[in-house]
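Quick notes on the structure that follows.
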Amino acid sequence: MTTYDANGVTLERVREYVWEIPQDGDMRTPARVLASESLLDEISEDKTLEQLTNTTHLPGITDYAICMPDGHQGYGFPVGGVGAMDAENGCISPGAVGYDINCGVRMMTTNLTYDDVRGRERELVDSLFANVPSGLGGGGIVEAGIDTVDEILARGVDWALENGYAVQDDLRHCEDEGVREEADPAMISQKAKDRGKNQIGSLGSGNHFLEVQRVTDVFDDEVGAAFGLTADQIVVLIHCGSRGLGHQTCNDYLRKIEQHHQGLLAQLPDKELAAAPAGSQLAEEYYAAMNAAINFAWVNRQLIMHRTREVFERVFDRSWEDMEMDLLYDVAHNIAKRETHTVGADETERELYVHRKGATRAFPAGHPEVPAAYRDVGQPVIIPGSMGAGSYVLRGGAASMDLTFGSTAHGAGRLMSRTQAKNEYWGGDVQDELAADHQIYVKAQSGATVAEEAPGVYKDVDEVVRVSDALGIGDRVARTFPVCTIKG
DNA sequence: ATGTGC
């Protein structure tokens, strides 16, 4: 048997790109890493594998804990991790969702081509930067009171539709149609709402961005056509989450769960994995709060897209409908959801809390939750790369339900810490280099953020996507390359 | 990720 030794953790090769950490000691299941050897070399360098093994101690974890090819160390649970816990006898864990609840990406297509934008990148990037709030502070697109926040938390993109910030197709082309019905705004603290009320429609900081891109490759013509993607086309990618509201919510429930479920916590190898037993009051409350924060993040991305349409209207002097600025799809990559999956050798149906932290839902063709427009080809999956590397559109692959609870990777995945990145790079140099070498125009609130997000601090997104495609969990459809970017 | 810290 082929094995891989990563500082004391031995992985057994199940087959190409599938590695297993066998069940041992108090582990409830084995763990699996989906990666090529070169990605495994990178994944082995931080605490990812130790954290992944720790997650198999969580009650009700089913089949195995999974690390995606872009996995790296996170708070308790690896980023790029998938854990499916039994919804009756298992648990739900805020650390397995992530601090930025419903961090995610949406891609908007257009009928513009690269030639339409060439030479006007500066004008476009300046106008986007001036009109889309970014960075820490700076307010949001909608300044609202707590009543409005409550409505957004309860209704998601449906609120945006009613208030003129969305059209019906925007909802159809969003995971869960832009609303989690099980949301309860009463489960979100006043403090979280206060933090959120001035951030409705804002990018935030860190790896969040808005990028105008051009399609460089369409690998699958049939699926590309179904998604409305053609070579040289201009598209817009928006990557952000639930801002301070989601962060505060994660923090609030971590503290509550640590206090109320100390017995369970004592059984876990890492305090950061604090979990509420399925069926407990806190499990229900966290789930209702998380769903509300998910709705908030969807409205956030919707408002940014709405504002982007307005900016394009001014810059190109045409209506957004005329430029066919339609939402291709919006996918979350930091969520948990109650889903029914067929598990085990006896193929029983089980209700599970599927935690996807830095992992994207990737449902295959025919799945009832794939929007009608894409049902014959599979759910669109959007994988943002780093600033200099472009991004990918995939479609949910035929093997995803068997291998990964219907999931794939979410991005390139960090290679080094933010602090390390700031020692290696200087923001201004990174911007100059991107402009000189690739005609990519980056405008950011903070030079430090640019340094933290320099292309060199990320893994190779091509390799991440190659593994996803080879495993059949998310198949390559198209690749894009940046034209101009705004950041926090 | 984050008014970047019990």
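The sequence lines fix the lettering, A, B, ..., with proteins before strands; numbering per chain opens at 1.
- Contacts of A:Gln199 with the nucleic acid, taken as non-hydrogen atoms under 4.0 Å apart, involve only primed sugar atoms and P, OP1 or OP2.
- Atom P of nucleotide B:dC6 and atom CG of A:Asp252 are separated by 13 Å, given to the nearest angstrom.
- Atom-to-atom, CD of A:Glu453 to C1' of B:dT4 comes out at 14 Å; the value is rounded to the nearest Å.
- A salt bridge is defined here as a Lys NZ or Arg NE, NH1 or NH2 lying under 4.0 Å from an Asp or Glu carboxylate O, and A:Arg479 with A:Asp462 meets this definition.
- Here A:Ser205 lies in heavy-atom contact (under 4.0 Å) with sugar-phosphate atoms only.
- Atom OH of A:Tyr75 and atom C1' of B:dT4 are 15 Å apart (whole Å).
- Atoms CD (A:Gln445) and C1' (B:dT2) sit 16 Å apart, rounded to a whole Å.
- As judged by a 4.0 angstrom heavy-atom cut-off over every strand, A:Gly206 is placed among residues touching the sugar-phosphate backbone only.
- Protein atom CD of A:Glu452 is 9 Å distant from nucleotide atom C1' of B:dT4, rounded to whole Å.
- No more than 12 heavy-atom neighbours from other residues, nucleotides or ligands sit within 6.0 angstrom of CD on A:Gln281.
- Using a 4.0 Å cut-off between a side-chain N of Lys or Arg and a carboxylate O of Asp or Glu, A:Glu452 and A:Lys422 qualify as a salt bridge.
- Whole-Å rounding puts the A:Asn102 CG to B:dT2 C1' distance at 16 Å.
- Panel note: side chain A:Asp70, backbone A:His410; a donor-acceptor pair is recorded below 3.5 Å.
- Atom-to-atom, CG of A:Leu254 to P of B:dG5 comes out at 14 Å; the value is rounded to the nearest Å.
- Spacing between atom CZ of A:Arg255 and atom P of B:dG5 amounts to 12 Å, rounded to whole angstrom units.
- A:Lys357 comes within contact range of no nucleotide atom at all, as no heavy-atom separation falls under 4.0 Å.
- Note on A:Glu339 versus A:Arg361: no salt bridge recorded, every NZ/NE/NH1/NH2 to OD/OE distance being 4.0 Å or above.
- In terms of position on DNA chain B, the residue among A:Leu136 and A:His208 whose nearest nucleotide sits closer to the 5' end is A:His208.
- Contact between the side-chain N/O atoms of A:Arg418 and the OP1/OP2 oxygens of B:dT4 is not found at any separation under 4.0 Å.
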